[in-house]
Amino acid sequence: MSKPLKQQIGNISIVVDDYDDALEFYIEKLQFVLINDIALGEGKRWVEVSPPNSNGTHLLFSKANTDEQKRAVGNQSGGRVFLFLHTNDFWRDYEHMKASGVVFDEEPRVEEYGTVVVFQDLYGNKWDLLQSSVASE
């Protein structure tokens with residue numbers, strides 16, 4: 001008997017200029033938690049962060065080394081929203097991020113699917129901060 005199909009996204013890699021700058025931004029401004037920071041030698045590290053109490057999907061920082069990778073820093077999705085940070089308290093997180101100096105591209109708005117605002121990480125990648133109004137199962 002075969003096992004039922006079970007898959008999940010474990011990590012999403014994000015290209016960064018500097019591990020420590022990225023850690024500071026994600027931990028201090030977005031309130032993420034450090035999952036792993038393991039030295040791999042030759043300046044490489046395995047650095048994972050995640051929102052508190054999340055489902056196990058982590059961001060994995062990948063330090064840009066080549067010219068092509070350096071060009072991708074801050075433009076991982078061609079200028080579109082790249083990642084979606086779901087929250088159970090939009091205004092709490094929005095106010096913390098705003099007070100921490102996070103750059104927002106717009107004012108918060110209410111859509112059919114929830115309350116949302118576009119913000120930028122330290123490199124300019126666009127994110128949505130979203131409190132969904134859609135019931136999840």
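All heavy atoms count here, side chains included; hydrogens, waters and symmetry mates do not.
- Side-chain contact between Tyr26 and Phe61 is present, with at least one heavy-atom pair separated by less than 4.5 Å.
- The structure places CG of Leu129 at 9.5 Å from NE2 of His86, a figure rounded to the nearest 0.5 Å.
- For Asp89, the CG atom is densely surrounded, since the number of other residues' heavy atoms within 6.0 Å is greater than 12.
- Atom CD1 in Ile35 sits 10.0 Å away from atom CG in Leu59 (nearest 0.5 Å).
- When all heavy atoms of Val15 and Ala64 are compared, the pair lying nearest together is CG1-CB, 3.5 Å.
- Aromatic ring orientation, Trp127 versus Phe119: parallel (interplanar angle below 30°, classes split at 30° and 60°).
- Note: the hydrophobic cluster containing Ile27 also contains Leu85 (ILVMFWY, side chain heavy atoms under 4.5 Å, direct or indirect links).
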Determine, stepwise, if the pair Leu23 / Val47 fulfils side chain to side chain contact (heavy atoms under 4.5 Å, CB included). CA-CA 8 Å; Leu23 277 171; Val47 180; 3.7 Å; yes
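- With hydrogens and angles disregarded, a donor-acceptor distance shorter than 3.5 Å links the side chain of Asn55 to the backbone of Thr57.
- Residues Val110 and Met97 do not share a hydrophobic cluster, clusters being chains of Ile/Leu/Val/Met/Phe/Trp/Tyr side chains in contact below 4.5 Å.
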Kindly determine whether Asp20 and Arg45 satisfy salt bridge (charged side-chain N to carboxylate O under 4.0 Å, His left out), including the steps that lead there. CA-CA 11 Å; Asp20 294 322; Arg45 291 158 59 183; 3.0 Å; yes
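- Ser54 places none of its side-chain heavy atoms less than 4.5 Å from the side chain of Phe32.
- No more than 12 heavy-atom neighbours from other residues, nucleotides or ligands sit within 6.0 angstrom of CD on Glu68.
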Working note: Arg109 + Glu111, criterion salt bridge (charged side-chain N to carboxylate O under 4.0 Å, His left out); need CA distance, chi angles, decisive distance, verdict. CA-CA 6 Å; Arg109 64 187 194 282; Glu111 299 288 350; 2.7 Å; yes
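- In this structure, Phe90 and Tyr94 have parallel ring planes: the angle between them is below the 30° cut-off, well short of the 60° mark.
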Should Asp105 and Lys126 be marked as a side chain to side chain contact (heavy atoms under 4.5 Å, CB included) after you check the CA-CA gap, both sets of side-chain angles, and the distance that decides it? CA-CA 9 Å; Asp105 288 359; Lys126 292 183 180 185; 3.2 Å; yes
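- A distance of 14.5 Å separates NZ of Lys63 from CD1 of Ile14, quoted to the nearest 0.5 Å.
- The main-chain N or O of Val102 is never found under 3.5 Å from a side-chain atom of Ser100 such that the two would form a donor-acceptor pair.
- A donor-acceptor pair under 3.5 Å links the side-chain atoms of Gln69 to the main chain of Asn65, judged by distance alone.
- In this structure, CD on Glu24 lies 7.5 Å from NZ on Lys29, to the nearest 0.5 angstrom.
- Judged by distance alone, the side chain of Ser133 and the main-chain N or O of Glu112 form a donor-acceptor pair under 3.5 Å.
- Minimum heavy-atom separation, Gln76 to Asn125: N-OD1, 3.2 Å.
- Using a 4.5 Å cut-off between side-chain heavy atoms of Ile, Leu, Val, Met, Phe, Trp and Tyr, with links allowed through other members, Val118 and Leu83 fall into different hydrophobic clusters.
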Trace of the ring-ring contact (aromatic ring centres under 6.0 Å, His included) decision for Tyr123 with Phe25: CA-CA 10 Å; Tyr123 299 115; Phe25 177 86; 8.2 Å; no
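- Between the CG atom in Asp128 and the OG1 atom in Thr87 there is a gap of 13.0 Å [rounded to 0.5 Å].
- Taking hydrophobic clusters as Ile, Leu, Val, Met, Phe, Trp and Tyr residues chained together by side-chain heavy-atom distances below 4.5 Å, Val16 shares a cluster with Leu34.
- Within the 3.5 Å criterion, the main-chain N or O of Ser62 finds no donor-acceptor partner in the side chain of Ser13.
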Which is it for Gln31 and Asp93 under the side chain to side chain contact (heavy atoms under 4.5 Å, CB included) test, yes or no, and what are the steps along the way? CA-CA 9 Å; Gln31 299 181 309; Asp93 295 343; 4.2 Å; yes
Please lay out, stage by stage, how Tyr19 and Asp37 fare under the test side-chain hydrogen bond (donor to acceptor under 3.5 Å, both in side chains). CA-CA 9 Å; Tyr19 293 117; Asp37 188 352; over 6 Å; no
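- There is no side-chain donor-acceptor pair under 3.5 Å between Gln131 and Asn88.
- No more than 12 heavy atoms of other residues, nucleotides or ligands sit less than 6.0 Å from atom CD1 of Ile9.
- Atom-to-atom distance recorded for Asn11:CG and Glu48:CD is 4.5 Å, nearest 0.5 angstrom.
- Linking ILVMFWY residues whenever their side-chain heavy atoms come closer than 4.5 Å, directly or via other members, leaves Val33 and Leu30 in distinct clusters.
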